[in-house]
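In what follows, every heavy atom counts, from backbone to side chain, and hydrogens, waters and symmetry copies are set aside. Note that the structure is predicted; figures quoted are calculated from it, not measured. Counting starts at 1 for both ligands and their atoms, following the listed order.
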Amino acid sequence: MFAGKKILVGVTGGIAAYKAAEMISRLRKQHAEVHVAMTKAATEFIAPLTLQSLAANPVHVELFEEPKLWNVEHISLAEYIDAVVVAPATANILTKMAIGLADDFLSTVLLATRVPIFVAPAMNHAMYHHPATQANLAILKERGIYVLGPNTGFQACGTDGDGRMSEPVEIVEALARFFVSRDWLKGKRVLVTAGGTQEPLDPVRYLGNRSSGRMGYAIAQALQETGAETILLSAPTDLPTPSGVTRISVQTALEMYDAVLARFLEVDVVVMAAAVADYRPAVQAEQKIKKDGTNCTLELVPNPDILAELGRRKTTQILIGFAAETENLLANAQSKMQRKNVNLIVANDVTKPGAGFGCTTNIVSFLFPDGRKIDFPQLSKLEVGRLLVRELTSLLEVEIKE
Ligand code: PMT
């Protein structure tokens with residue numbers, strides 16, 4: 001099941017820590033390469049030697065210990081692995097993850113890594129239902145972290161209720177489903193554009209827009225999770241490149257046009273999530289434009305419409321476009337879908353709170369040329385990306401095995 005997959009098991013300090021031994025053993029029996037990071041508290045419940053022997057790899061506890069394999073070990077491990085599963089995940093580690101606290105080896109890897117993260121909460125049912133824990137879990141889910149369980153039943157503290165860690169077999173099955181059924185797009189090459197292009201006026205100024213790149217980066221991550229060879233053509237942004245994705249940086253609409261067209265014949269799919277400037281300054285001043293107290297008029301010339309050009313040239317490629325609208329969402333999105341000859345358009349009303357530019361969530365509808373329309377509630381951009389990938393599998397006529 002897990003041949004070639006490198007999984008980091010994070011173990012935190014709860015009585016269910018003993019179940020980590022069975023989980024590691026199951027992962028190894030299914031040919032996973034297992035690495036283990038324990039919090040100090042976890043070592044009070046189960047000996048690192050036990051987990052080290054089952055994983056057949058050194059166990060990491062201290063942040064500043066002698067490197068066992070690489071230098072700056074938490075960073076190299078964060079980049080090396082294919083997934084992390086934290087089981088048991090105490091209320092404490094969930095809080096640290098939610099606020100981005102990195103004060104030991106495990107929490108530092110969790111902050112540094114860009115691979116899929118699974119958590120299996122395990123705690124007393126009152127702690128589980130505490131508004132703080134529920135708020136932290138909501139934040140983690142919104143960021144695309146997979147929450148497994150918890151189960152309901154007898155708890156070590158003597159009570160009955162929610163908060164029992166999912167059984168090792170359930171956790172390993174969830175991981176297997178993720179890896180096995182997620183290679184849907186293996187062999188497919190997908191190009192995703194992200195961010196807002198910048199159109200220089202002079203050496204220090206540009207015309208830009210409010211796109212952060214989050215939507216496109218989330219789609220690239222979702223594609224990579226399903227095995228697609230993913231090329232991310234990015235306008236300027238500070239976002240980290242999702243692990244396993246090839247990023248190509250551009251600044252202007254013309255650069256994006258050239259970069260997309262140069263690769264169009266090599267890809268199966270193009271997803272245009274970028275906010276491409278429709279106009280650029282007719283002249284780019286060589287020196288900083290000086291103010292002289294009078295009005296200043298800029299002459300703008302149209303940029304090429306990249307997606308419309310792809311729509312004209314496409315043969316077998318699938319094209320997915322976005323429509324960022326401030327009025328008449330559906331009518332405008334439908335008209336763009338037809339004009340640009342795309343297979344699916346994602347309509348977002350960017351005036352709604354929690355949707356569109358800059359935020360971590362989006363509220364979208366998928367529109368298809370046959371008139372179908374699917375509306376979604378407010379979701380994290382990663383969830384929107386994952387739903388888009390599901391639609392893409394049908395457009396590519398790829399079978400999904402769950
Ligand atoms: O980056 P974020 O902060 O996460 O914000 C996400 C987003 C709002 C930018 C994203 O969800 C989105 O809507 N992207 C498309 C923005 C846009 O430019 O929409 P548009 O309606 O102007 O363009 C329609 C489509 O044509 C888009 O796919 C666009 O990439 C493409 N286009 C537009 C102009 C142009 N010259 N060439 C193009 O290819």
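- If you check which protein heavy atom lies closest to atom 25 (C) of ligand 1, you get Phe322 O, 3.0 Å.
- By the side-chain contact (heavy atoms from CB on, under 4.5 Å) test, Thr326 is found to be paired with Val350, Thr351, residues two or more places apart in sequence or in another chain being considered.
- Using modelled atom types, one finds a donor on one side chain and an acceptor on the other under 3.5 Å when comparing Asp292 with Thr294.
- In this structure, atom 2 (P) of ligand 1 lies nearest to the protein heavy atom Ser212 OG, 3.4 Å.
- For the pair Asn303 and ligand 1, no heavy-atom separation below 4.0 Å is found.
- Glu225 has a carboxylate O that lies under 4.0 Å from a charged side-chain N of Arg386, or vice versa, which qualifies the two as a salt bridge.
- For Arg339, the CZ atom sits in a packed shell: over 12 heavy atoms of surrounding residues, nucleotides or ligands are nearer than 6.0 Å.
- By the neighbour-count criterion of 12 heavy atoms within 6.0 Å, atom NZ of Lys141 is sparsely surrounded, having that number or fewer from other residues, nucleotides or ligands.
- With ligand atoms numbered from 1 in the order given, ligand 1 contributes 1 (O), 2 (P), 3 (O) to contacts under 4.0 Å with heavy atoms of Gly213.
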For this session: Take Thr230 and Gln224, measure what side chain to side chain donor-acceptor pair (under 3.5 Å) needs, and give me the verdict at the end.
Result: CA-CA 6 Å; Thr230 309; Gln224 204 281 330; over 6 Å; no
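- Close approach of ligand 1 to Asn348 is summarised as follows: ligand atoms under 4.0 Å from at least one heavy atom of the residue are 8 (C), 10 (C), 11 (O), 12 (C), 13 (O).
- Of all protein heavy atoms, the one lying nearest to atom 6 (C) of ligand 1 is Met215 CB, 3.5 Å.
- Per-residue contacts place Gly321 under 4.0 angstrom from the following atoms of ligand 1 (heavy atoms of the residue considered): 28 (O).
- Protein heavy atom closest to atom 1 (O) of ligand 1, with residue, atom name and distance, is Ser211 OG, 2.6 Å.
- Lys336 NZ, 4.0 Å is the protein heavy atom nearest to atom 22 (O) of ligand 1.
- Polar contact check, Gly358 against ligand 1: a nitrogen or oxygen pair lies under 3.5 Å apart.
- Summarising the geometry of Leu207 relative to Leu298, their closest heavy-atom pair is CD2-CD1, 4.5 Å, with the distance given to 0.1 Å.
- Annotation for ligand 1: atoms under 4.0 Å from non-hydrogen atoms of Asn362 are 11 (O).
- Residues Ser234 and Tyr217 have side chains that bring a donor and an acceptor to within less than 3.5 angstrom of each other.
- Near Arg214, with a cut-off below 4.0 Å to any heavy atom, the atoms of ligand 1 are 1 (O), 2 (P), 4 (O).
- At a cut-off of 3.5 Å, with distance as the only test, no side-chain donor of Glu391 or Thr393 sits close to an acceptor on the other residue.
- At the shortest separation from atom 28 (O) of ligand 1 among protein heavy atoms lies Met272 O, 2.7 Å.
- Residue-level proximity to ligand 1 for Pro304 is carried by the backbone, the only part with a heavy atom below 4.0 angstrom.
- Counting the atoms of ligand 1 from 1 in the order shown, those under 4.0 Å from a heavy atom of Ala273 are 9 (C), 10 (C), 12 (C), 14 (N), 15 (C).
- Among protein heavy atoms, atom 37 (N) of ligand 1 sits closest to Ile306 N, 3.1 Å.
- Less than 4.0 angstrom separates some heavy atom of Lys340 from each of these atoms of ligand 1: 24 (C), 25 (C), 26 (O), 31 (C), 32 (N), 33 (C).
- The closest side-chain donor-acceptor pair between Ser107 and Asp104 falls under 3.5 angstrom.
- Under the ring-ring contact (aromatic ring centres under 6.0 Å, His included) criterion, Phe118 pairs with Tyr146, Phe178, sequence neighbours left out.
- Compare Ala274, Cys359, Ala323 by their heavy atoms: the one nearest to atom 17 (C) of ligand 1 is in Ala274.
- Counting the atoms of ligand 1 from 1 in the order shown, those under 4.0 Å from a heavy atom of Asp278 are 34 (C), 35 (C), 36 (N).
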